[in-house]
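Take a look at the structure set out below.
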Number of protein chains: 2
Amino acid sequence: MDGKAEKVNQSEKILQTAFQCLSTRGYANVSMRDIADQAGVVLSQLNYYYKNKEGLFTEVVKMMMQQYLHEVEDKLKSVANTKEKISSLVKYFCELIRKNPELLKLFIDFTAQSLWLPSFRSHLKNLFDDLSEMIEKSVLAEMTINKNLSEYSSKSVAKLLLGALYGISVQIMLDSDEDNAFEPLNLVGMILN
Amino acid sequence: MDGKAEKVNQSEKILQTAFQCLSTRGYANVSMRDIADQAGVVLSQLNYYYKNKEGLFTEVVKMMMQQYLHEVEDKLKSVANTKEKISSLVKYFCELIRKNPELLKLFIDFTAQSLWLPSFRSHLKNLFDDLSEMIEKSVLAEMTINKNLSEYSSKSVAKLLLGALYGISVQIMLDSDEDNAFEPLNLVGMILN
DNA sequence: AATTAATTCGGACGTTCGTCTTAATTCATA
DNA sequence: TATGAATTAAGACGAACGTCCGAATTAATT
């Protein structure tokens with residue numbers, strides 16, 4: 001009854017709530033009832049809009065992918081030269097850990113689940129591939145002037161960078177409140193030197 | 001009745017089976033009954049020996065940690081100089097992916113679960129810390145002769161290497177049957193050049 | 001206004017979950 | 001052999017799970 005458009009799509013509300021539940025409690029600890037209750041929606045509505053649990057959770061995976069791909073793309077295009085792009089990427093992961101750790105947890109958790117669920121696996125593989133492809137195009141120029149790594153494909157270098165960012169972020173997430181926890185992340189920017 | 005010591009500890013058999021179940025189907029997809037059935041043991045025996053689910057699974061975590069720490073330690077001490085140690089470490093992760101992917105999946109899955117379960121978190125943090133400490137002591141000599149990275153602590157360099165190995169391994173696990181999937185892993189050995 | 005489709009609701013269905021209790025059995029020690 | 005502790009076994013317990021169905025309500029179309 002407010003002047004605002006208070007009436008949002010039920011399906012959208014469900015999806016948003018599912019995203020929030022999964023990013024704060026994890027795949028193994030979230031049930032359909034949890035999401036329904038927190039969304040203020042009757043349980044059967046989840047099945048009405050998303051068929052089943054796998055259908056709903058898959059939409060959350062896609063949602064997460066969109067967010068990462070857009071954010072990383074924005075960060076990479078925000079600066080000009082290659083070196084700055086790498087730094088921008090490192091900075092993005094730093095901000096992610098500090099300001100939006102739930103999104104990073106979602107990434108890590110979905111990655112693990114994709115080891116067991118074939119329906120998740122293809123999506124996560126695509127996410128890693130798309131991210132490393134973005135990075136590849138950003139470091140391609142740098143590759144030609146580097147003597148030690150030029151014999152390797154730029155795709156492999158991109159996967160190295162992405163893997164390092166991912167693996168170090170995992171460690172930092174576990175490192176609750178260590179002094180120089182972010183130092184190894186800044187080191188990633190110097191790999192290509 | 002065989003000549004062999006056919007009679008193994010019931011508790012040991014349960015633990016081994018739990019390890020096997022978790023490494024092949026994942027934390028979220030294994031129940032106490034699954035383990036009991038596969039071990040040929042009555043369900044209540046699991047609670048008798050390990051109190052509850054968390055108790056049993058925690059023992060599996062410890063078991064996994066032992067295996068990683070021993071294997072990595074062996075690999076690092078098997079060769080002499082620093083460069084060879086790094087190569088040996090890279091080779092270890094290659095062999096892990098090819099010959100024992102279940103153990104790696106266990107690592108990845110437990111890492112994700114440790115984001116939500118405090119009882120797992122401390123163990124996984126210790127595993128990462130112990131592994132990076134091993135690496136640190138192996139690359140310490142190299143650090144002094146490197147000009148670009150010497151301003152950073154050797155601990156951070158070790159975490160960078162471990163993070164890269166971990167993150168790249170994750171990507172390879174998702175990359176089922178790609179041609180040069182292992183190439184970025186070999187690139188890790190050249191980070192310190 | 002009548003009719004049809006789309007949505008919302010409440011609740012039941014069968015299954016699986018982790019835990020616990022109690023009894024039967026085995027084993028060691030005296 | 002008698003006794004008490006340790007182990008094994010069988011099953012019940014309440015709670016939680018994902019899914020599904022039928023009715024009620026709302027919205028859209030004629």
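Naming convention: chains lettered A, B, ... in sequence-line order (proteins, then strands); numbering from 1 in each chain.
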**Asked** Side chain of B:Ser88, backbone of B:Lys75: donor and acceptor closer than 3.5 Å?
**Response** yes
Per the under-4.0 Å heavy-atom filter, residues of residues 49-63 of chain B near DNA chain C come out as B:Asn52, B:Lys53
Side chain to side chain contact (heavy atoms under 4.5 Å, CB included) filter on B:Leu43, not counting sequence neighbours, yields B:Met32, B:Arg33, B:Ala36
Other residues, nucleotides and ligands only: do more than 12 of their heavy atoms fall within 6.0 Å of CD on B:Glu54? no
From CD of B:Gln45 across to P of C:dT21 the rounded distance in Å is 16 Å
Quiz prompt | A:Lys62/A:Glu59 salt bridge by N-O under 4.0 Å criterion | solution = yes
When rounded to whole Å, the CG to P distance for the pair B:Asp37 and D:dA9 reads 13 Å
Comparing nearest nucleotides in DNA chain D, the 5'-proximal residue of the pair B:Arg33, B:Ser11 is B:Ser11
Separation of D:dA24 atom P from A:Tyr48 atom OH, nearest Å, is 18 Å
| said: Using a 6.0 Å cut-off, check whether atom NZ of A:Lys155 has over 12 heavy atoms from anything other than its own residue. | reply: no
Open item on the list: When you measure from the side-chain N and O atoms of B:Gln10 to the phosphate of D:dT8, is any distance below 4.0 Å, counting only OP1 and OP2?
Closed with: yes
Rounded to whole Å, the CD-C1' distance (A:Glu12 to C:dT8) equals 18 Å
(message) Quiz question: going by heavy-atom distance under 3.5 Å, is there a donor-acceptor pair between the base of D:dG11 and the side chain of B:Ser44?
(response) no
Regarding the side chain of A:Asp34, the nearest nucleotide among D:dC17, C:dC9, C:dT19 is D:dC17
Here the distance between atom P of C:dG18 and atom CG of B:Leu117, to the nearest Å, is 13 Å
Between CG of B:Asn47 and P of C:dT22 the distance, given in whole Å, is 16 Å
- [ ] Determine the contact category for B:Ser31: base if any of its heavy atoms lies under 4.0 Å from a base atom, sugar-phosphate if only primed atoms, P, OP1 or OP2 are that close, otherwise nothing.
- [x] sugar-phosphate
Report which part of the nucleic acid A:Leu43 touches: base, sugar-phosphate, or nothing (heavy-atom distance under 4.0 Å, all strands).
base
Whole-Å distance, A:Asn29 CG to D:dG18 P, equals 12 Å
Regarding the side chain of A:Val42, the nearest nucleotide among D:dA10, C:dC9, D:dC17 is C:dC9
B:Met32 atom CE is separated from C:dC17 atom P, nearest whole Å, by 11 Å
- request: Please report the C-alpha distance between A:Lys91 and A:Glu95 in whole Å, then the side-chain angles of each, then the deciding distance to 0.1 Å, and finally whether the salt bridge (charged side-chain N to carboxylate O under 4.0 Å, His left out) criterion is met.
  value: CA-CA 6 Å; A:Lys91 191 175 296 179; A:Glu95 289 177 1; over 6 Å; no
Result for ring pair (Phe, Tyr, Trp, His ring centres under 6.0 Å) between B:Tyr27 and one of B:Phe57, B:Phe107, B:Trp116, B:Phe110 points to B:Phe57
